[in-house]
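Below is one structure, written out as structure tokens; comments come after it.
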Amino acid sequence: MAVESPLERERRAKVARGRAEGREPYPWSFPGRVDSGVVRAACTSLAPGGEDLDHPFRVGGRLKIVRQHGKTAFADLEDLAGSLQLILRVDVLGESDYRAWLADLDPGDLLGADGVPAVSRRGEPSLLVRRLTMLAKAITPPPEKFHGLQDVEERLRRRYVDLLASAEVRERFRVRSLLVRELRQYLDAAGFLEVETPVLQAVAGGAAAAPFVTRSNYLDRDLQLRIAEELPLKRLLVGGLERVYEIGRTFRNEDLDSTHSPEFTELEVYWAYADYHDMRRLTEGLFDRLRARTVELLPDRPETVRAAERFRPPFATIDFVEELERRSGIDDLLSKSREELRSLAWATGSTVPENSSTGTFLDKLFEHYVEPSIDRVTFVMDFPAATTPLAKRHRSKPGRVERFEVFAPGFELANAYTELTDPDEQEERFRAQLGERGDDRYAYDADYVEALRYGLPPTTGIGIGIDRLVMALLGLSSIKDVILFPLVRAR
RNA sequence: GGGCCCGUAGCUCAGCCCGGUAGAGCAGGCGGCUCUUAACCGCAAGGUCAGGGGUUCGAAUCCCCUCGGGCCCGCCA
């Protein structure tokens, strides 16, 4: 246990004093509480200096600050609905209670109050308090009242302090939750079934990324945490579930930076008897819906509204190959050999390893020549076949697959395919990928190929990074701003 | 992996360049005040200057190492 500071000693003394005087500082419950907005609403009919003695209310929340004036004191109590001023008066509470409470109250205490709506002479909606109840005495003082908690490290390590000190941070995470709810409602209404597939897998597949490895004592073998949701979900379409989605944590054993987190929340949607054009329309509808919801939730934040409005259709569209050729001046990109592409990629200053795949070099070129120019939400269409083994070849463009990605300025938001359904071609593509990369990071999932042999309907699928989507909608630049407890080093 | 920056009271920050008794505001303590909104006035208190080592008569300050964090670059289809 940490060494007790003088401030904490003072507060423990107040705990003991409360108990000695019959005021339990950590009670069991506090029934009948309304949120602060109810009291503020009840104040609207009152004139300054007015009180509504006939309609008592009970509120509870965190004490932010106390302003004492001898025989009257004002205290700001904050709950999720906002802040409410409490008026404490010696002539209402009685001399001894008034003195005892003011001696024992500290910023940060969780406090209950019974009283009546009242508007102060200066016009502030308030609760004129008849009775106070300590709900939880705070031993550790909260951050400074005006500046709040500034230390970035502390804000991440102790997110609860960040939250209790900042209504803005509370609001941000509340909005994230409501946006995810909206997303579920949209997909549910479109006939999609929410499912849950395994996080623990023998071999993590569906993407190329380093997995986290753990161990099952029961099976006496290593297991990996999933790096994508894709392969189990498509198996469900083989099984006839037709339209499924999963929102879940996905893990990649890689670096954390402003757009990457080792654990992140991913939405994947799979839709049988539909192709990537259908998926594009579904995605545009989803973006528009989330845009509207964001603006509805945060109408008074101009920067957020501006960020969200970028998600209003129609969206910019570019062709991967045409745009890359136009911006780089490279001709006939698709006929270049792996060695040629490697030289071109290295010429941009990239240091990707020599044995990287053709797809990797193409991605590097796109990243260098095209991504910096993306200044709005943009659909990038029809990637070269070498960039993914899971998409179906393009029905009319040779050397391409039916794949689109959605980019927001600065990062990728989503990745969608018309899914490859031919089992023999899938097997070949997996093997080609293995052979080309020369490493075992892209696992060959034999059971998935086996599943395709039973027949996967024509299908489209998409993966959307929820953390990044929330970032983009709210106009935030760091993924840590939308993850409650980002990974931090043990201290 | 490379570069730059940061770590001082519970919190927000000065002090560091140019070495010489560790400062302020908020919060907390004591006293005053019946309408404040970061209330106000007075008094007293509060420190592992991230940790370790070095230079020096003397280190928060200069040097080295370590830990933690931030930003940029690289890597991660």
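In what follows, every chain begins at residue 1, and chains take the letters A, B, ... in the order their sequences are listed. The figures that follow rest on heavy atoms only: side chains count, while hydrogens, waters and symmetry mates do not. Given the structure is predicted, the values throughout are model-derived calculations rather than measurements.
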Sticking with atom C1', work out how far B:G19 lies from B:A59, rounded to a whole angstrom. 6 Å
Partner nucleotide of B:G1 by Watson-Crick or wobble geometry (both distances under 3.5 Å): B:C73
The residue, A:Asp257 or A:Arg89, whose nearest nucleotide of RNA chain B is more 5′ is A:Arg89
Taking B:G54 as the reference, what is the distance to B:A60 when you measure between their P atoms (whole Å, please)? 15 Å
We want to know whether A:His147 and A:Gln150 form a side-chain donor-acceptor pair, criterion being a heavy-atom distance below 3.5 angstrom. no
Tell me which residues in residues 54-69 of chain A put a heavy atom below 4.0 Å from RNA chain B, sorted by number, or none. A:Ile65, A:Arg67, A:Gln68, A:His69
Nearest-Å distance once atom P is located in both B:C30 and B:A45: 16 Å
Spacing of the P atoms in B:U48 and B:A39 (rounded, Å): 28 Å
Which value, in whole Å, describes the distance between the C1' atoms of nucleotides B:G47 and B:C13? 15 Å
Tell me the interatomic distance from A:Phe361, atom CZ, to B:C76, atom C1', rounded to whole angstroms. 14 Å
Could you please name the partner base of B:G19, counting Watson-Crick and G-U wobble pairs only when both distances are under 3.5 Å? none
Using purine N1 to pyrimidine N3 plus N6-O4 or O6-N4 for Watson-Crick, or N1-O2 and O6-N3 for G-U wobble, both under 3.5 Å, which nucleotide pairs with B:C62? B:G54
May I ask you to say whether A:Lys14 pairs ionically with A:Asp106, meaning some side-chain N is under 4.0 Å from a carboxylate O? yes
When the nearest nucleotide of RNA chain B is assigned to A:Gln150 and to A:Val90 on a heavy-atom basis, which residue is associated with the more 5' position? A:Gln150
Atom CZ of A:Arg489 to atom C1' of B:A50: distance rounded to whole Å? 16 Å
Below the 4.0 Å mark, does B:A38 have OP1 or OP2 next to a side-chain nitrogen or oxygen of A:Lys145? no
Would you mind reporting whether A:Arg249 and A:Leu225 have side-chain heavy atoms less than 4.5 Å apart? no
Taking atom C1' in both B:C6 and B:G46, compute the distance separating them and give it to the nearest angstrom. 25 Å
With both distances kept under 3.5 Å, what pairs with B:G42, Watson-Crick or G-U wobble? B:C30
Considering only atom P, compute the distance from B:A24 to B:G15 and round it to an integer number of Å. 15 Å
